[in-house]
Amino acid sequence: QSDRPAATIANVYRGTFMHSTQKTALEVLEDELLGVDTDGKIAFMGRGAELQTLSQTFGFNPSEVTQLAKDEFFIPGLVDTHIHACQYSYAGTALDMPLLQWLNTYTFPVESQFTDLNFAQRVYSQVVKRTLRNGTTTACYFTSIHTDASLLLGKLANDFGQRALVGKVCMDINDFVEHYKETTQESQDETCRFIKELLDKKYPLVRPVVTPRFALSCKETLLGELGAIAKKHNLPIQSHISENLEEVKLVKQLFPKYASYTDVYLKNNLLTDKTVMAHGCHLSDEELVIFKETGASLSHCPNSNISLCSGLLDVRNVLKHQVKLGLGTDVAGGYSASMLDAVRRARDTSKVLTIQNPNYNTLTFEEVFRLATLGGSQALSLDGQTGNFEVGKDFDALRVNVAAPGGPMDLSVNSEEPKIILEKFLNLGDDRNIAEVYVAGRKVVPFTD
Ligand code: GUN
Ligand code: FE
């Protein structure tokens, strides 16, 4: 360890830091110092009172420390484990139908327009900017079936400095919008081209993810081929599972030789320790055991689950099965692109379960905070790199100012206790309270358009 050349410190921040660890859903560090090195990694943490010693050990000038104001604190960046970039244009509308009708009526006709790269540029730059402003430092995106537009999203995430997983959607079945699908061969070939071209760009924070839309959009051959592609290139995988009861019923009918919906993905090599599956509202305990055994994770998308009347995910049961779990906005099935909304809807869902069963162990705000940060990083297999303030990880963080002028909480901070102020921010705050956003040490918000 002592042989390693000392990192060069680029920035040091002093103030309150709040984050989650494996042991505790909320750790509050008051008057803490955090140093970020020139690679954007957290080089050290320590008590404010030890400023002099730390400045000598790590070689920085104490007068250049950035001191947070009284109403400010740092939290880790928010991780959106499931968002459809190509559905952003109609977010906030079209929520009057259940999933399968919703896909046919609203989603497929819009997604089919991403052959137009000007349209793609407009929608994708807006979604990256909006999510960054809302504090999403990492986003796991679905695009459309179009490779070039998908590569463009990768470029935009890189340009704006967002950490992103980008998945070109694969589908060789579409009985309703017939022109919006690929042949099985095209889907494989374009997936390989997408992976190769995105990796060739060497964007430091952007990775491809193999993306079968869901079992109802993919023939068995395609599922198997995509599983093989992911295995060959050791890539992450994302899809949807057990979101809605009609979907579950159709999957049973179409895949009769499989034991369950989970088994369809499992047998096609699509359930790995790098897989994230959205929803899972209707998974059985046996299926959750398979998630635990394979190391696959779930993305809880509470706004979408309620907006499309899909179901209520029992997060307590998922956690009991020790399945990795993050939160997702699922734009545009979910109408909000803000992870703060996902936090609120996750809590609401847990409370609805408590209304139905007063003995239910409601999620605390600290637990939901963990799901939105460290949980999301774990679900995306990024927790070696992000998710909390641990020395050696990248500095992905939000500088929160609860007293932002014109913001929703300017006169309403009624406590000196950081944990209570965090609760208030999670419930009432918005992007006006997110003064700065950092990804890998770089300030990416505010940005100039
Ligand atoms: N299942 C398959 N495709 C989709 C989609 O685009 N959104 C949601 N919420 N569920 C899906
Ligand atoms: Fe989705």
Side-chain angles (χ1 to χ4, degrees), residues 80-114 123 127 131 139-146 150 165-177 180-182 187 209 211-218 222-223 226 237-251 254 261 264-265 270 275-283 297-313 326-337 339 342 345 376 379-380:
D80 189 343
T81 58
H82 185 80
I83 172 165
H84 296 262
C86 56
Q87 297 173 13
Y88 184 60
S89 63
Y90 65 96
T93 67
L95 298 169
D96 56 341
M97 288 177 192
L99 175 68
L100 301 178
Q101 291 91 315
W102 175 84
L103 285 171
N104 295 332
T105 309
Y106 301 112
T107 303
F108 295 150
V110 171
E111 288 193 13
S112 71
Q113 295 171 38
F114 283 76
V123 177
V127 77
T131 54
C140 187
Y141 287 112
F142 275 59
T143 58
S144 61
I145 64 173
H146 311 99
S150 306
L165 284 97
V166 180
K168 182 211 98 66
V169 165
C170 294
M171 45 193 296
D172 61 351
I173 301 176
N174 192 340
D175 296 334
F176 292 87
V177 182
Y180 185 55
K181 70 175 171 195
E182 315 156 276
S187 195
V209 44
T211 307
R213 177 168 216 123
F214 68 154
L216 296 182
S217 293
C218 300
L222 180 58
L223 293 174
L226 293 174
I237 298 165
Q238 62 179 347
S239 191
H240 297 89
I241 194 165
S242 285
E243 177 175 358
N244 150 303
L245 287 172
E246 193 187 350
E247 169 207 6
V248 175
K249 196 172 89 185
L250 283 173
V251 170
L254 286 168
Y261 199 159
V264 173
Y265 291 140
L270 291 165
T275 297
V276 57
M277 287 284 167
H279 307 285
C281 306
H282 304 288
L283 291 172
S297 60
L298 281 173
S299 170
H300 177 31
C301 303
N303 187 318
S304 171
N305 290 342
I306 292 169
S307 291
L308 300 181
C309 298
S310 299
L312 301 167
L313 179 69
L327 298 184
T329 59
D330 195 26
V331 163
Y335 55 76
S336 171
M339 281 297 295
R345 300 288 89 80
L380 300 180

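Counting starts at 1 for both ligands and their atoms, in listed order. Just the heavy atoms: all of them, side chains too, but no hydrogens, waters or symmetry mates, feed the values below.
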Item to check | Test log, rule side chain to side chain contact (heavy atoms under 4.5 Å, CB included), inputs Tyr88 and Thr329 | outcome: CA-CA 11 Å; Tyr88 184 60; Thr329 59; over 6 Å; no
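Set against the non-hydrogen atoms of Asp330, the atoms of ligand 1 under 4.0 Å away are 8 (C), 9 (N). Residue His84 has at least one heavy-atom neighbour below 4.0 Å for each of these atoms of ligand 1: 5 (C), 6 (O), 7 (N). The Gln87 neighbourhood of ligand 1 comprises atoms 5 (C), 6 (O), with distances under 4.0 Å to a heavy atom of that residue.
Checking only distances, Trp102 never comes within under 3.5 Å of ligand 1, N or O to N or O. Among the atoms of Arg213, some N or O lies under 3.5 angstrom from an N or O of ligand 1.
Protein-derived N/O/S atoms nearer than 2.8 Å to the Fe ion (ligand 2) total 4, waters excluded.
Aromatic ring pairs are classed by plane angle as parallel below 30°, tilted from 30° to 60° and perpendicular above 60°; the pair His240 and Phe214 is perpendicular. Taking the six-membered ring where tryptophan is involved, the planes of Tyr261 and Tyr265 are tilted, since the angle between them lies from 30° to 60°.
Looking only at distances, no side-chain donor or acceptor of Ser307 sits under 3.5 Å from a matching main-chain atom of Leu95.
For the residues Met171, His279, His240, the heavy atom positioned nearest atom 1 (N) of ligand 1 is part of His240.
No heavy atom of Glu247 sits closer than 4.0 Å to any atom of ligand 1.
Looking at Leu99 against ligand 1, only its side chain comes within 4.0 Å, counting heavy atoms.
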